[in-house]
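Values in this document were obtained by computation on a predicted structure and should not be read as measured data. Order of the sequence lines sets the chain letters (A, B, ...), proteins ahead of strands, with each chain counted from 1.
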Amino acid sequence: MSKRADTTEFLIESVRNSRKKRLLVLNPDYLDDEKLPEHERAAVLKEIFNRNIREKQIGRVIAHLTPLLDGFHPASVLIFGPTGSGKTVTLIHVLSTFQRVAERSGVGFRYCYVDLTSPKTFFGALNEVAMGLDASVRRYRKGIPVEYMQDTIVGALRGYNGFLCLLIDEADNVRPNPDSLLTFLLKTLPRKVSSRLILILLTNRMDWEARVDPRILSFLKKTDILFEPYDALDLLEILKLRVEKALDTSRVDVGALRKVAAYASRETGDARKAVELLTKAARVAEESSGWLGEVEVDVAEQRLEVDKTEALVQALAVQQLLAFKACYSLLSRTHKKVSTGQAYEVYARMCDAEGLRVLTQRRFSDILSFLDLYGLINARLVSKGRYGSTREISGSLAQEIVERLMRPAR
DNA sequence: CATCCACAGGAAAACGCGGTTG
DNA sequence: CAACCGCGTTTTCCTGTGGATG
């Protein structure tokens, strides 16, 4: 009895030791923005901006806002940029710095961050604004009239004569229509309070303007600022900073970082994705040699890919999953391209076997295009002349992944 | 060159389901 | 409790399509 306990203890110790030897991630919090405490986050941001990243964009924002230091009222701004291009982070940084400068020169300036990153109703959005203005306001579910919320906002601003900058993240994320919020903020609010409002709207939709009521748009005497996605050099700097904070630098190859940066910038230029890949690579390295090199990055990239498709397949509805399986089981049997009709037959048989209702071919074809859209299959539209036209279905996933996916769900 | 296959994909009707009303 | 409504999904019905084939 005690002997067994000893060996187990020994095992634990030895695992612990070998882990320590390969330990690469010293401070995992720095790889995950969400986990950082507020002041740490600010410090990290500061360092990023000290490295001259997003310099151009910062310049544009500052150029737009600076007049207010001399009492001029800047117009509202509309900022475009894809996800992960640092819109939010940059703006928070600039505005908080601005606040300090304004304070020093005796200009009344406040800013307030309104987070609409998850879709909100008009009421929810107002609630968010109110909470930003007055920390004592709670988040309400419902049961409170919209007017009350509006009054709360007006109340919070009563007696404030300085500039108020509302930074609205994902401003188009108000359901059912974003117009209502803008109408309130632009037309109603200025009439009720004496604060001087500046709206800064962040969005990643380039077609945003087309979707907004033109009357409101004209009210926004807006200036546009564009956030280009990060290029590989920017990403490299960002990654370096993360590595310094979170990892054991003596075990990280600069080439590997370059690879991560190159990969991310080739994809979307999304900094969050880049960090995600870095994290994954670090984990891969910890599992193996403890050295983060280019090979580990490749492995991580692959794994990320697999994870993504796996999650995608997990999330499929029963019918979609069945269609997916039908395609691949047919593909593994015949190594030629498969037509919609053939796939449908297999699918129908599978439905029978599982005791599920068989959907019509019309529906099935929709499901196929859906699967194609998500990259789980390739379905190219081909005309075979007299013998009709079909989607030529072929697999887009690697053999091993497919096998893994077909197994567990029986 | 007209024909015709085997499906694509649009439109509209039908269905299903939770919620509401009289 | 039936009737009704709103909304997303599915079926039904339909027209369109590109090129091999006779």
For this session: Please name all residues satisfying side-chain hydrogen bond (donor to acceptor under 3.5 Å, both in side chains) with Thr90(A), sequence neighbours left out, ordered by chain then number.
Result: none

Exercise. Which pairs pass ring pair (Phe, Tyr, Trp, His ring centres under 6.0 Å) with one or both residues in residues 354-390 of chain A, sequence neighbours excluded?
Worked result: Tyr344(A)-Phe364(A), Tyr347(A)-Phe364(A), Phe370(A)-Tyr374(A)

For this session: Name all residues meeting the side-chain hydrogen bond (donor to acceptor under 3.5 Å, both in side chains) criterion together with Glu345(A); count only those two or more places apart in sequence or in a different chain, and write none if there are none.
Result: none

For this session: Could you identify which residues of residues 381-389 of chain A place a heavy atom less than 4.0 Å from some atom of DNA chain B, listed by residue number, or say none?
Result: Leu381(A), Gly385(A), Arg386(A), Tyr387(A), Gly388(A), Ser389(A)

For this session: Answer yes or no: is there a side-chain heavy-atom contact under 4.5 Å between Leu164(A) and Tyr111(A)?
Result: no

For this session: For Glu170(A), check side-chain hydrogen bond (donor to acceptor under 3.5 Å, both in side chains) against everything at least two apart and list the hits.
Result: Asn204(A)

For this session: Report yes if the side chains of Ile200(A) and Cys165(A) come closer than 4.5 Å at any heavy-atom pair, otherwise no.
Result: yes

Exercise. Parallel, tilted or perpendicular for His73(A) and Phe163(A), by the 30°/60° rule?
Worked result: perpendicular

Exercise. Can Arg362(A) and Asp366(A) be counted as an ion pair, charged N to O under 4.0 angstrom?
Worked result: yes

Problem set entry | Bounds of contact between DNA chain C and chain A, in 5' to 3' order, using a heavy-atom cut-off under 4.0 Å | dT10(C) to dG22(C)

Problem set entry | Of all pairs that satisfy ring pair (Phe, Tyr, Trp, His ring centres under 6.0 Å), the ones with a partner from residues 306-334 of chain A, not counting sequence neighbours | Phe324(A)-Tyr328(A)

For this session: May I ask you to list the residues of residues 356-367 of chain A, by number, that have any heavy atom positioned under 4.0 Å from an atom of DNA chain B?
Result: Gln361(A), Arg362(A), Ser365(A)

For this session: Note down the inter-axis angle between the two ends of the helix from dC1(B)-dG22(C) to dG22(B)-dC1(C), five pairs each, to the nearest 10°.
Result: 40°

Problem set entry | Pairs touching residues 92-102 of chain A that satisfy side chain to side chain donor-acceptor pair (under 3.5 Å), sequence neighbours left out | none

Exercise. Taking NZ, NE, NH1 and NH2 as the nitrogens, is one of them in Glu228(A) or Arg60(A) under 4.0 Å from a carboxylate oxygen of the other?
Worked result: yes

For this session: Determine, for Asp372(A) against Arg391(A), whether the closest basic-nitrogen to carboxylate-oxygen distance falls under 4.0 angstrom.
Result: no

For this session: Taking side-chain hydrogen bond (donor to acceptor under 3.5 Å, both in side chains) as the test, write out the residues that go with Tyr113(A), two or more places apart.
Result: Asp169(A)

For this session: On DNA chain B, reading 5' to 3', which nucleotide is the first and which the last to sit with an atom under 4.0 Å from a heavy atom of chain A, could you check?
Result: dC5(B) to dG10(B)

Problem set entry | Face-on cation placement of Arg54(A) at Tyr230(A) ring, 6.0 Å and 45° thresholds | yes

For this session: Give the C-alpha distance, both sets of side-chain angles, the deciding distance and a yes or no for salt bridge (charged side-chain N to carboxylate O under 4.0 Å, His left out) between Asp298(A) and Lys259(A).
Result: CA-CA 9 Å; Asp298(A) 283 335; Lys259(A) 191 152 194 168; 3.2 Å; yes

